[in-house]
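To keep things clear, I will list the structure first and then write my remarks on it.
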Amino acid sequence: MKSIISVDKLTKKFSGLNAVDEISFDVKEGEFFGFVGPNGAGKTTTINMLCTLIRPTAGTANVAGYDVASQSSKVRENIGLVFQDTTLDDRLTAWENLEFHSVVYHVPARERKQRIDHVFDLVELSNHKNDVISTFSGGMKRRLEVARGLLHSPRVLFLDEPTIGLDPQTRRRIWDYLARLRSETNMTIFLTTHYLDEAEPCDRVGIIDHGKLIVIDTPNALKSRVGADVIHLSTTDDEKMKNLLETKYDVTVKDVKGELAFEKENAEEFLIRVVEDFKPYLTSIGVRRPTLDDVFLKLTGREIRDEDVPPKHSMSSIASRVKGGR
Amino acid sequence: MDLEAIYIIWLRDLKINWRDRGNLIGALVRSVLWLVVLGLGLRAGFRSVGGVTFSQYIFPGIIGMTILFAAVQSAISIVWEREFGFLRELLIAPIPRTSITIGKTLSGATWATLQGTVVLALAPVVGVSLTVTQVLLTLLLMLLISVTLTGIGIIIASRIVTFQGFGVIVNVILMPMFFLSTAIFPLPWLPDWLKAIIMANPLTYAVDLLRLVTIGLYDFPLMLDLGLTIGLCIILTTAATFLFVKEI
Ligand SMILES: Nc1ncnc2c1ncn2[C@@H]1O[C@H](COP(=O)(O)OP(=O)(O)OP(=O)(O)O)[C@@H](O)[C@H]1O
Ligand SMILES: [Mg+2]
């Protein structure tokens, strides 16, 4: 498959701070790509460059076949955007917001009504079409923004932290819409998040920290870098089982907190075998897989939502926020 | 140029202005009060100029004030849009920036002309009788002046960051522009130093044109009025477009 986004040594400097530092990557057409990193990592800055909102300091980026610096209008025609902060018109109704969008994005007049109705259905807001946005809750606004981003059938949909500040149900719903969208169209989705668990369904995940792209791979491959899956079980006779397991499967079994545990590749499939072999002795059995949080911890040495930024970074980023702040 | 985009931007602005009923009523009440209260209150002290009453004299000035406030208010909503994020939706759209400025200029001008027309309809109340030609000419003039004033509004909007600034703008720019024109005070009444300031105020020439068309009085030659008003319209609209294109 061909690349729909290709980024080469893309860099953005804000008064001395490298918000984005020579990142290079490709996203394939139809891919569900997650960009993950802690606050201030450079996610929004990267999206802003890809969406032609800000100019790169150095490097190039190509989106949907067009250069973001020299063909910004063409790029814009082909992308949908859901920003981190709302960009709806508070004083218009939901319908008027979408109508406005469909006109400035050149949706053919004949198709407008039908497309608007379709996206309203998708995000389950059909009953609120004629409500003014100022009466919407945060979750409703976000859903409407997703709908608006889809209205002109973009080839790439960019979502900057689409679920931030939303309750678990609404988060769930947004993910459901995206899943549905992916099953129905071949749209490429590029999203950023700092909830690593949200990045699980992505085809590939890039982890960014302090403006640098640390790693990029499928969630499974990333997790296997941290370690294999672990099968853990409690039994009627731990001592005897430990020996049986070790001789039969050639693994090292550890006794952790009153449970037996051993590492195994493709643990979920292997589980069935263990159950078949030892059913009478088992009282419970399960698989624990490394999470993307473990990956982040291993690669950066800290938790993703660790607010304790190392001192040398915190000073410089505070200074730059003050200077660059609007 | 993207005609449909210009149209939808224009339409949206008008919808929003129209829905802000409090603001609209406030603006119209302000104009009527100025016209009626000031006109009646100062009638006695008014040494007749060109055989008109004071209410008649300030009538074109009040039209000028009405369109000044309406146009700037409409354009200044850009600040609001920037603060609440909508401006980004507009700026990121695949349309030329000039379409955005044109749409905004036209909506401000339409809105100001509509309000000016309401005041114009009060002509019989103050005893000004107008022919159809006069009405048409006034409408045309109002449109021209409103375009200029919207341009001023857009320039202001590109300079101020928060919406709180609007109160300051009213006091520091709009009120002085209104008072330091010939809107209320006949030029011959004034000391020379004040005349100098008034002659530096572009609104003076716009009011002079409106006065010429509605009640036949004027302070400056027609060609000067027209030249300055049209020239300024072109300069300010260009400047506004340029500043807006630079946004983000
Ligand atoms: N306009 C600006 N001027 C100066 N510095 C900026 C500007 N925009 C962003 N930065 C800095 O660039 C760095 C990256 O910011 P960015 O908004 O891209 O982070 P992010 O990954 O999106 O974070 P978050 O999760 O908080 O949204 C931060 O240190 C930020 O302070
Ligand atoms: Mg961000």
Side-chain angles (χ1 to χ4, degrees), chain A residues 44 47-55 63-64 66 68 71-93 95-109 112 132-134 141-142 144-145 148-149 151-152 154-155 158 160 325-326, chain B residues 1-24 73-74 76-104 107 111 157-165 245-248:
Chain A
T44 300
I47 284 211
N48 282 347
M49 286 191 282
L50 296 182
C51 297
T52 76
L53 259 181
I54 57 175
R55 281 185 161 270
V63 175
Y66 302 102
V68 296
Q71 295 169 296
S72 56
S73 233
K74 282 291 180 195
V75 172
R76 291 170 185 198
E77 299 247 355
N78 285 289
I79 60 175
L81 264 170
V82 179
F83 291 105
Q84 193 168 347
D85 343 282
T86 172
T87 61
L88 293 168
D89 188 340
D90 258 45
R91 295 174 291 182
L92 291 183
T93 65
W95 175 275
E96 287 167 333
N97 265 281
L98 296 195
E99 188 194 30
F100 186 94
H101 186 90
S102 70
V103 173
V104 293
Y105 278 80
H106 309 127
V107 174
R112 276 178 207 155
V132 175
I133 303 304
S134 51
K141 284 187 194 168
R142 192 46 61 90
L144 186 64
E145 287 193 283
R148 187 180 63 179
L151 199 53
H152 54 287
R155 291 177 64 201
F158 287 94
D160 196 6
R326 242 209 175 172
Chain B
M1 193 80 79
D2 184 332
L3 289 181
E4 217 186 353
I6 293 175
Y7 166 73
I8 197 90
I9 290 167
W10 173 84
L11 186 66
R12 168 197 171 266
D13 284 356
L14 288 184
K15 272 186 195 164
I16 280 171
N17 287 336
W18 175 243
R19 282 175 199 174
D20 194 351
R21 219 50 63 81
N23 204 339
L24 173 61
Q73 176 108 55
S74 178
I76 218 100
S77 69
I78 294 171
V79 178
W80 203 92
E81 286 152 19
R82 190 190 295 126
E83 203 163 308
F84 291 89
F86 178 70
L87 190 61
R88 224 161 1 141
E89 152 82 354
L90 202 54
L91 294 178
I92 194 71
I95 53 174
R97 288 284 163 89
T98 45
S99 305
I100 305 178
T101 354
I102 294 172
K104 294 241 160 239
S107 65
W111 186 242
S158 70
R159 303 280 98 185
I160 59 174
V161 179
T162 65
F163 205 60
Q164 270 89 42
V245 168
K246 283 210 318 198
E247 265 294 326
I248 298 196

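Computed from a prediction, not measured in an experiment: that's the story for all the values here. So that the names make sense, note that chain A is the first sequence line, chain B the second, and so on, each numbered from 1.
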*Could you check B:D2 against B:T98 for side chain to side chain contact (heavy atoms under 4.5 Å, CB included), going step by step and ending with a plain yes or no?*
CA-CA 9 Å; B:D2 184 332; B:T98 45; over 6 Å; no
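Here NZ of B:K104 is found 5.0 Å from CD1 of B:I78. Values are rounded to the nearest 0.5 Å.
For the options A:T86, A:L92, A:D90, heavy-atom pairs under 4.5 Å to chain B are most numerous at A:L92. Comparing B:A5, B:S99, B:A93 by heavy-atom pairs within less than 4.5 Å of chain A, the highest count is held by B:A93. Put simply, of B:P96, B:G85, B:P94, the one with the most heavy-atom pairs under 4.5 Å next to chain A is B:P94.
For the pair B:E4 and A:R112, the salt-bridge criterion is met [side-chain N within less than 4.0 Å of a carboxylate O].
When heavy atoms are compared at a cutoff of 4.5 Å, B:I9 approaches chain A by way of both its backbone and its side chain. Heavy-atom distances place the side chain of B:I16, and not its backbone, under 4.5 Å from chain A. In this structure, chain B has no heavy atom under 4.5 Å from any part of A:I79. At a 4.5 Å heavy-atom cutoff, the contact between A:R148 and chain B is made by side-chain atoms alone. Both the backbone and the side chain of A:H101 come within less than 4.5 Å of a heavy atom in chain B. Only the side chain of A:V103 comes within less than 4.5 Å of a heavy atom in chain B; its backbone stays farther off.
Ring centroid separation for the pair B:F86 and A:F100 comes in under the 6.0 Å cut-off.
B:R21 forms a cation-pi arrangement with B:W18, by the criterion of a distance under 6.0 Å to the ring centre and an angle within 45° of the ring axis.
Between the side chains of A:R76 and A:T52, at least one donor N or O sits under 3.5 Å from an acceptor N or O.
What you find for A:Q84 and A:R142 is that their closest heavy atoms are O-NH2, 2.9 Å.
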